[in-house]
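We count residues from 1, following the sequence as given. What's counted below: heavy atoms across the whole structure, side chains too, no hydrogens, waters or symmetry copies.
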Amino acid sequence: MLRPYDLGHTQWYVLQLLAINGPLNQREVTRLLEVERATLSTITGVLVRKGLIEQLADDADQRQKVLRITAAGTDLWSTIPDPIELITTVAFAGVDPTDLATAQRVLSEATERLVNHRTENK
């Protein structure tokens with residue numbers, strides 16, 4: 001779905017974060033996407049070369065970088081279909097809403113327990 005737009009899924013997530021939240025510190029993007037710093041650096045470099053985002057020095061700390069979507073990135077973002085919405089629509093078509101709510105609650109609780117376990121065992 002993203003291939004016609006020359007985007008990978010992690011690139012899409014970076015654009016989504018910046019389109020919705022505005023400029024973000026690169027360290028914050030790494031934390032929100034739960035990717036390695038090196039992975040985000042590679043993705044950032046690609047998106048900068050494509051002209052979709054800018055990487056700027058943070059006003060408060062020049063060593064830190066802030067990511068901001070460009071006008072070209074905003075234009076592209078407005079044309080990209082939401083892959084999460086499509087996946088959800090296809091995957092859960094015809095599923096009883098009560099069953100879906102139960103599955104969502106169970107998976108959300110399981111994810112929270114895993115995150116807490118990981119945090120406690122660092």
Side-chain angles (χ1 to χ4, degrees):
M1 172 182 237
L2 296 173
R3 193 169 293 137
Y5 302 93
D6 193 29
L7 289 175
H9 68 279
T10 309
Q11 292 173 1
W12 181 86
Y13 277 114
V14 171
L15 287 178
Q16 179 196 42
L17 279 175
L18 300 177
I20 292 171
N21 299 300
L24 291 170
N25 181 291
Q26 190 162 331
R27 184 176 287 165
E28 180 70 1
V29 174
T30 300
R31 186 187 68 74
L32 290 169
L33 294 181
E34 295 184 354
V35 296
E36 297 294 325
R37 200 168 49 205
T39 300
L40 185 63
S41 291
T42 301
I43 291 165
T44 297
V46 170
L47 292 172
V48 166
R49 283 191 297 282
K50 290 179 180 181
L52 301 176
I53 68 170
E54 297 175 303
Q55 188 178 44
L56 311 163
D58 189 320
D59 290 336
D61 183 349
Q62 296 293 308
R63 297 171 298 171
Q64 299 298 316
K65 301 295 181 197
V66 172
L67 303 179
R68 179 173 63 195
I69 194 166
T70 63
T74 300
D75 289 345
L76 177 65
W77 179 253
S78 69
T79 66
I80 300 172
D82 183 344
I84 305 302
E85 184 179 317
L86 177 65
I87 290 167
T88 302
T89 300
V90 171
F92 300 113
V95 175
D96 181 274
T98 304
D99 292 341
L100 191 55
T102 300
Q104 185 175 17
R105 180 183 51 76
V106 169
L107 291 173
S108 179
E109 290 171 2
T111 301
E112 184 177 339
R113 283 192 299 276
L114 287 170
V115 168
N116 289 339
H117 176 77
R118 184 182 68 185
T119 303
E120 293 167 359
N121 292 305
K122 276 190 176 183

If Ile, Leu, Val, Met, Phe, Trp and Tyr residues are connected whenever their side-chain heavy atoms lie under 4.5 Å apart, and connections chain through other members, are Tyr5 and Val46 in the same group?
no
Just how far is it from atom NZ of Lys65 to atom OG of Ser41, taken to the nearest 0.5 Å?
10.5 Å
Calculate, to the nearest 0.5 Å, the distance between atoms CG and CD1 belonging to Leu76 and Ile69 respectively.
8.0 Å
Would you say that Leu24 contacts Leu32 through its side chain, given a criterion of any heavy-atom pair below 4.5 Å between the two side chains?
yes
If you round to the nearest 0.5 Å, how far is CD of Glu109 from CG of Leu114?
12.0 Å
Indicate if Val29 and Leu56 have the same hydrophobic cluster label, given that clusters are the connected sets of ILVMFWY residues with side-chain heavy-atom separations under 4.5 angstrom.
no
State whether the number of non-hydrogen atoms from other residues, nucleotides or ligands found under 6.0 Å of Glu85 atom CD is greater than 12.
no
State, yes or no, whether a side-chain contact exists between Asn25 and Asp58 at a heavy-atom distance under 4.5 Å.
yes
Taking it one step at a time, do Leu40 and Val14 satisfy side-chain contact (heavy atoms from CB on, under 4.5 Å)?
CA-CA 9 Å; Leu40 185 63; Val14 171; 3.8 Å; yes
Could you give the distance from CD1 (Ile53) to CD (Gln26), rounded to the nearest 0.5 Å?
7.5 Å
Answer whether the closest heavy-atom distance between the side chains of Leu7 and Leu47 falls below 4.5 Å.
yes
Does Pro83 reach the side chain of Leu2, with side-chain heavy atoms less than 4.5 Å apart?
yes
Value rounded to 0.5 Å, distance of CD in Glu28 from CD in Gln64
11.5 Å
In terms of heavy-atom contacts, does OH of Tyr13 have more than 12 from other residues, nucleotides or ligands at under 6.0 Å?
no
Are any of the side-chain heavy atoms of Leu52 and Leu18 separated by less than 4.5 Å?
no
Whether the side chain of Thr70 engages the backbone of Gly51 through a donor-acceptor N/O pair (distance < 3.5 Å, no angle test) should be reported.
yes
Mind checking whether Asp82 and Trp12 have side chains closer than 4.5 Å, heavy atoms only?
yes
Flag yes if Met1 and Ile43 sit in one hydrophobic cluster, no otherwise; membership is Ile, Leu, Val, Met, Phe, Trp, Tyr, and two members link when side-chain heavy atoms are under 4.5 Å apart.
no
Establish whether Ile87 and Leu100 are linked, either directly or via other cluster members, by ILVMFWY side-chain heavy-atom contacts under 4.5 Å.
no
Tell me, yes or no, whether the heavy-atom count around Gln104 atom CD, taken from other residues, nucleotides or ligands under 6.0 Å, exceeds 12.
no
Roughly how far, to the nearest 0.5 Å, is CG of Leu107 from CZ of Arg105?
10.0 Å
Should Val115 and Leu33 be counted in the same cluster of Ile, Leu, Val, Met, Phe, Trp and Tyr side chains packed under 4.5 Å apart?
no
